[in-house]
Amino acid sequence: MKKLRRSMLFLPGANAAMLSTAFVYRPDSVMFDLEDAVSIREKDSARLLVYQTLQLPIYREFGIEVIVRINSLKTEFGLKDLEAAIWGGVDAVRLPKTDTPDEIYELEKHMERIEKEAGRPVGSTKIVAAIESAVGVINAVSIAQSSPRMIAIAIAAFDYLVDMQTQRGDGSELFYARCAVLHAARVAGIDAFDAVYSDVNDEAGFLKEVEFIKGLGYNGKSLINPRQILPLHNAYAPTQSEVDYSKQVVAAAEDGEKKGLGVISLNGKMIDNPIINNARRIISRYEASGVRQ
């Protein structure tokens, strides 16, 4: 079954308490942040802390994907972050401020070398590319298709809006970028993460944005507070009627396959592969979070 990526919870790499306990909130993915959430003077100690946390089996025991956001490889910290993450056994690395596929190619070369040195299978460390600029949005398709390691592409709003000389408003300022990043993900067959909603006290505004990005087709959203996880997962959970119909579709498809039928129908209507695949996605969401409340 395909990995659900509804929630990616950002955790500051220098915060030992959060790194060691965030599994209790059951996000789909956690992202140990060594970039913006860590001050210059804490970079080395945070990297060591993240490396040590990666040794803990608890996140994997709960089925939580572990990602590390490294600093840019253009900085003195990026390669050190990458070494620590891969030697620590990270599932995926998030590359910030990705503008071109060339940056992914460079990242891949370093990853292959480090995996060999660490005794990890080459290609086992995956990539999430963060799009944070106008040029990144324009190059989103080539970035998304740049590596077989790529599992997701994410839009990061703050730097992008600074680049566009504007700021967060009613959402229209992000509409083009959201659509471009989402289309890039679908072309490449990978997941798409929406930007952080920073006002953790505005649950109504958060849920309104979640409904919007879910309607666009985003797989999930980057989060900065554990309080946002349950509302997000509930918003992505299917209704009972969606679950019931999806189970009927899958049952009809399996029955048709057993009988060798070329055309499968349900209640007099033909069901094809897109409908069947969508039904299976709905059932996987139901199995992960139940029926929408």
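- Atom CD1 of Ile104 sits about 4.5 Å away from atom OG1 of Thr98, to the nearest 0.5 Å.
- The cluster map of Ile, Leu, Val, Met, Phe, Trp and Tyr, joined by side-chain heavy atoms under 4.5 Å apart, puts Ile58 and Val24 in the same cluster.
- For the pair Met8/Asp28, no side-chain contact is recorded, criterion being any heavy-atom separation below 4.5 Å from C-beta on.
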Are Arg6 and Asn219 close enough, and set up right, to give a side-chain contact (heavy atoms from CB on, under 4.5 Å), and what steps lead you there? CA-CA 6 Å; Arg6 300 160 297 178; Asn219 299 89; over 6 Å; no
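- Note that CG of Asn277 is 6.0 Å distant from CG of Asn273, once rounded to the nearest 0.5 Å.
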Carefully, step by step, assess Arg94 and Glu35 under the rule salt bridge (charged side-chain N to carboxylate O under 4.0 Å, His left out). CA-CA 10 Å; Arg94 177 159 162 157; Glu35 194 211 14; over 6 Å; no
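- Ile138 and Val141 are members of different hydrophobic clusters when ILVMFWY side chains are connected at heavy-atom separations under 4.5 Å.
- No more than 12 heavy-atom neighbours from other residues, nucleotides or ligands sit within 6.0 angstrom of CZ on Phe175.
- Taking the charged nitrogens against the carboxylate oxygens, Asp159 and Lys97 do have a contact shorter than 4.0 Å, which makes a salt bridge.
- With hydrogens and angles ignored, the 3.5 Å screen pairs no side-chain donor or acceptor of Gln228 with any backbone N or O of Pro226.
- Under the 4.5 Å side-chain contact rule for hydrophobic residues, Ile213 and Val137 share a cluster.
- A side-chain donor-acceptor contact under 3.5 Å links Asp244 and Gln240.
- At most 12 non-hydrogen atoms from other residues, nucleotides or ligands lie less than 6.0 angstrom from CD of Gln165.
- If you check the side chains of Asp202 and Tyr197, you find a donor sitting under 3.5 Å from an acceptor.
- Counted by atom type alone, Glu42 and Ser39 present one or more donor-acceptor pairs between their side chains at under 3.5 Å.
- Looking at Gln145, its side chain never comes within 3.5 Å of a backbone N or O of Ser142 through a donor-acceptor pair.
- Listed for the Glu106 side chain is no donor-acceptor partner under 3.5 Å among the backbone atoms of Asp102.
- Note: Leu107 CG to Ile70 CD1 = 5.5 Å, rounded to the nearest 0.5 Å.
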Go through Leu230 and Asn234 one step at a time and tell me if the side-chain contact (heavy atoms from CB on, under 4.5 Å) criterion holds. CA-CA 6 Å; Leu230 283 179; Asn234 184 59; over 6 Å; no
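- Within a 6.0 Å radius of CE in Met164, no more than 12 heavy atoms belonging to other residues, nucleotides or ligands are found.
- Counting only heavy atoms from C-beta outward, the side chains of Leu266 and Lys269 never approach each other to under 4.5 Å.
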Given side-chain contact (heavy atoms from CB on, under 4.5 Å), test Leu4 with Arg285 step by step and report yes or no. CA-CA 8 Å; Leu4 274 181; Arg285 287 179 182 174; 4.0 Å; yes
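- In the displayed structure, Tyr286 atom OH is contacted under 6.0 Å by at most 12 heavy atoms of other residues, nucleotides or ligands.
- Nearest heavy-atom pair, Arg149 versus Ser124, reported as atom, atom and distance to 0.1 Å: NH1-N, 4.2 Å.
- With a 4.5 Å cut-off on side-chain heavy atoms, Ile276 and Asp272 do not count as touching.
- With hydrogens and angles disregarded, a donor-acceptor distance shorter than 3.5 Å links the side chain of Asn71 to the backbone of Leu34.
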Could you walk me through whether Glu112 and Lys116 pass the salt bridge (charged side-chain N to carboxylate O under 4.0 Å, His left out) check? CA-CA 6 Å; Glu112 182 174 345; Lys116 289 177 179 177; 3.3 Å; yes
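- The two atoms that bring Pro96 and Arg69 nearest to each other are CB-CD, 4.4 Å, heavy atoms only.
- Summarising the local packing, NE2 of His110 is surrounded by more than 12 heavy atoms from other residues, nucleotides or ligands at distances under 6.0 Å.
- The side-chain heavy atoms of Leu216 and Arg178, taken from C-beta on, include a pair separated by under 4.5 Å.
- Between Leu161 atom CG and Leu174 atom CG the span is 4.5 Å, to the nearest 0.5 Å.
- Under a cut-off of 6.0 angstrom, the local environment of CD in Gln52 is crowded, with over 12 non-hydrogen atoms contributed by other residues, nucleotides or ligands.
- Pairing each heavy atom of Ser7 with each of His233, the nearest pair is OG-NE2, 2.7 Å.
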Could you walk me through whether Lys221 and Glu209 pass the salt bridge (charged side-chain N to carboxylate O under 4.0 Å, His left out) test, one step at a time? CA-CA 10 Å; Lys221 195 166 180 62; Glu209 184 163 280; 2.7 Å; yes
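- Counted within 6.0 Å of CZ on Phe158, heavy atoms from surrounding residues, nucleotides or ligands total 12 or fewer; the atom is thus considered open.
- Taking all atoms of both residues into account, the shortest heavy-atom contact from Val90 to Ala92 is CG2-O, 3.3 Å.
- The shortest heavy-atom contact between Ser29 and Ile67 is CB-CD1, 4.1 Å.
- The aromatic rings of Phe32 and Tyr59 stand perpendicular to each other, their planes meeting at an angle above 60°, with 30° marking the opposite boundary.
- At least one side-chain heavy atom of Arg113 sits under 4.5 Å from a side-chain heavy atom of Glu83.
- Residues Phe193 and Ile155 form no side-chain contact, since every pair of their non-hydrogen atoms from C-beta on lies 4.5 Å or further apart.
- Residues Val30 and Ile151 do not share a hydrophobic cluster, defined by chaining ILVMFWY side chains whose heavy atoms lie under 4.5 Å apart.
- Side chain to side chain, Asp163 and Ser133 fail the donor-acceptor criterion of an N or O pair below 3.5 Å.
- The distance from the CD1 atom of Ile190 to the CZ atom of Arg5 is 9.5 Å, given to the nearest 0.5 Å.
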Using side-chain contact (heavy atoms from CB on, under 4.5 Å), reason through Ser222 and Asp194 one step at a time and then give a plain yes or no. CA-CA 6 Å; Ser222 300; Asp194 187 49; over 6 Å; no
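- Residues Glu115 and Pro121 have side chains not in contact (no heavy-atom distance under 4.5 Å, counting atoms from C-beta outward).
- Residue Val93 forms a side chain to side chain contact (heavy atoms under 4.5 Å, CB included) with just one option from Val128, Ile127, Leu82, and that option is Leu82.
- Within a 6.0 Å radius of CD in Gln167, other residues, nucleotides and ligands contribute 12 heavy atoms or fewer.
- The two residues Ala84 and Leu54 come nearest to each other via the heavy atoms O-CD1, 4.1 Å.
- There is a path of hydrophobic side-chain contacts, each under 4.5 Å, that joins Val210 to Phe212.
- A side-chain donor-acceptor contact under 3.5 Å links Glu173 to the backbone of Gly169.
- A distance of 9.5 Å separates CZ of Phe206 from CG of Asn225, quoted to the nearest 0.5 Å.
- A donor-acceptor distance shorter than 3.5 angstrom exists from the side chain of Asn139 to the backbone of Asp99, with no hydrogens or angles considered.
- No donor-acceptor distance shorter than 3.5 angstrom exists from the side chain of Asp33 to the backbone of Leu11, with no hydrogens or angles considered.
- Looking only at side-chain heavy atoms (C-beta outward), Glu211 and Leu207 stay at 4.5 Å or farther from each other.
- For Asp44, the side-chain hydrogen bond (donor to acceptor under 3.5 Å, both in side chains) test picks out Arg47, with sequence neighbours left out.
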